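Below is one structure, written out as structure tokens, with a few remarks after it.
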Amino acid sequence: MATEQEKKPVKKAPAKKAAPKKEAAPKEEAPKKETKKAKKPEVVEPVKPTATEATAFVRDVRVAPRKVRLVADLVRGKTVAQALDILASINKAAVTPVEKLIRSAAANAVNNFHMDETKLYIAEIQVNDGMKIKRYIPRAKGSASGIIKRNANVRIKLKETK
């Protein structure tokens, strides 16, 4: 019955003829009127003062702020070289993030603000509470007690000695 399908001839669309290219006559340019341009006053940009401080901060260090403050108090007011020497001889968990932060702030000062690395000192170091992680620990008789895991936010400001 319908096993043999008759193929219908497909009509093709007529081919479009390419439009003949018209050669444009060369246009004569009208002479432009000369207008007097008003001179713009030269804008003198004010000289930006050189930066006197560089900052860096780190958020949510997985050490309690109370423990980080112990380390921060040791390096406050010291030069960068002295602070790194002090941190090298301390065995506390908060030493690593504080050391990284001091190195980062020193790199910001040298690379971004063109300060002299030998003259940098730690003018300010702040340790604040970060986000708290809340967990539970099982206790006797099916009860549970809460645990608060504290994080610290640390901000440091370096300045150049005069």
Side-chain angles (χ1 to χ4, degrees), residues 13 16 18 21 24 27 29-162:
K16 293 184 180 178
K21 293 184 180 179
K27 293 183 181 178
E29 294 183 17
K32 294 183 179 179
K33 294 181 183 178
E34 293 184 21
T35 59
K36 293 182 180 178
K37 295 183 180 178
K39 291 184 179 179
K40 295 181 181 177
E42 293 182 17
V43 178
V44 178
E45 294 184 19
V47 178
K48 293 182 180 178
T50 58
T52 58
E53 60 187 36
T55 61
F57 67 93
V58 62
R59 288 192 178 138
D60 294 327
V61 175
R62 228 355 245 119
V63 182
R66 183 175 175 180
K67 295 178 181 181
V68 179
R69 282 188 196 106
L70 292 172
V71 175
D73 291 340
L74 294 173
V75 296
R76 187 176 285 118
K78 305 284 193 287
T79 64
V80 171
Q82 287 174 343
L84 293 175
D85 289 341
I86 290 170
L87 293 177
S89 63
I90 296 174
N91 186 19
K92 288 192 178 288
V95 167
T96 306
V98 171
E99 184 178 359
K100 280 184 175 182
L101 188 64
I102 292 172
R103 289 184 192 277
S104 175
N108 289 344
V110 172
N111 296 326
N112 298 345
F113 303 116
H114 310 292
M115 294 182 184
D116 185 13
E117 189 172 7
T118 58
K119 294 181 180 179
L120 293 176
Y121 73 98
I122 299 171
E124 189 178 314
I125 184 165
Q126 297 176 347
V127 181
N128 297 317
D129 287 351
M131 190 172 58
K132 295 177 180 78
I133 302 172
K134 296 182 179 178
R135 298 288 182 259
Y136 292 100
I137 186 168
R139 302 307 288 255
K141 298 182 181 178
S143 65
S145 294
I147 293 180
I148 298 174
K149 297 185 177 186
R150 299 175 192 276
N151 293 331
N153 294 339
V154 187
R155 181 177 304 274
I156 192 169
K157 190 180 291 186
L158 299 182
K159 290 186 179 179
E160 268 188 326
T161 57
K162 294 182 181 179

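Because the structure is a prediction, the values reported are computed rather than measured. As a basis for the values below, the full set of heavy atoms in this structure was taken, side chains included, without hydrogen atoms, waters or symmetry mates. All residue numbers refer to positions in the sequence shown, counting from 1.
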Residue pair Thr55, Asn108: steps toward the side chain to side chain contact (heavy atoms under 4.5 Å, CB included) verdict: CA-CA 7 Å; Thr55 61; Asn108 289 344; over 6 Å; no
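- Nearest approach of Ile86 to Ser89, heavy atoms of both residues: O-OG, 2.9 Å.
- The only member of Val154, Val127, Leu74 that meets side-chain contact (heavy atoms from CB on, under 4.5 Å) when paired with Arg69 is Val127.
- Once rounded to the nearest 0.5 Å, the distance linking CD1 of Ile156 with CZ of Phe57 reads 13.0 Å.
- To the nearest 0.5 Å, atom CG of residue Asp129 and atom CG of residue Asp60 are 10.5 Å apart.
- Counted within 6.0 Å of CZ on Arg66, heavy atoms from surrounding residues, nucleotides or ligands total 12 or fewer; the atom is thus considered open.
- Heavy-atom minimum distance, Phe113 versus Ala54: CD1-CB, 3.9 Å.
- Here the CZ-CG distance, from Arg103 to Leu84, works out to 5.0 Å after rounding to the nearest 0.5 Å.
- The NZ atom of Lys78 sits 11.5 Å away from the CD1 atom of Ile125 when rounded to the nearest 0.5 Å.
- Proximity of Leu87 to Ile102: side-chain heavy atoms (C-beta onward) are separated by under 4.5 Å at one or more points.
- Atom CG of Leu120 sits about 12.5 Å away from atom NZ of Lys159, to the nearest 0.5 Å.
- Between Val68 and Ala152 the shortest heavy-atom distance is CG2-CB, 4.0 Å.
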Let's go through Arg155 and Asn153 carefully: what are the C-alpha distance in whole Å and the side-chain angles of both, what is the deciding distance for side chain to side chain contact (heavy atoms under 4.5 Å, CB included) to 0.1 Å, and is it a yes or a no? CA-CA 7 Å; Arg155 181 177 304 274; Asn153 294 339; over 6 Å; no
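- Taking each heavy atom of Arg139 and Ser145 in turn, the nearest pair found is CG-OG, 3.2 Å.
- Under the salt bridge (charged side-chain N to carboxylate O under 4.0 Å, His left out) criterion, Lys149 pairs with no residue at all, not counting sequence neighbours.
- For residues 106-123, the set of pairs meeting the salt bridge (charged side-chain N to carboxylate O under 4.0 Å, His left out) definition, not counting sequence neighbours, is empty.
- Arg76 meets the salt bridge (charged side-chain N to carboxylate O under 4.0 Å, His left out) test with Asp73; sequence neighbours excluded.
- Here the closest heavy-atom approach between residue Gly146 and residue Tyr136 is recorded as CA-CD2, 3.9 Å.
- With rounding to the nearest 0.5 Å, the separation of CZ in Arg59 from CG in Asn151 is 12.5 Å.
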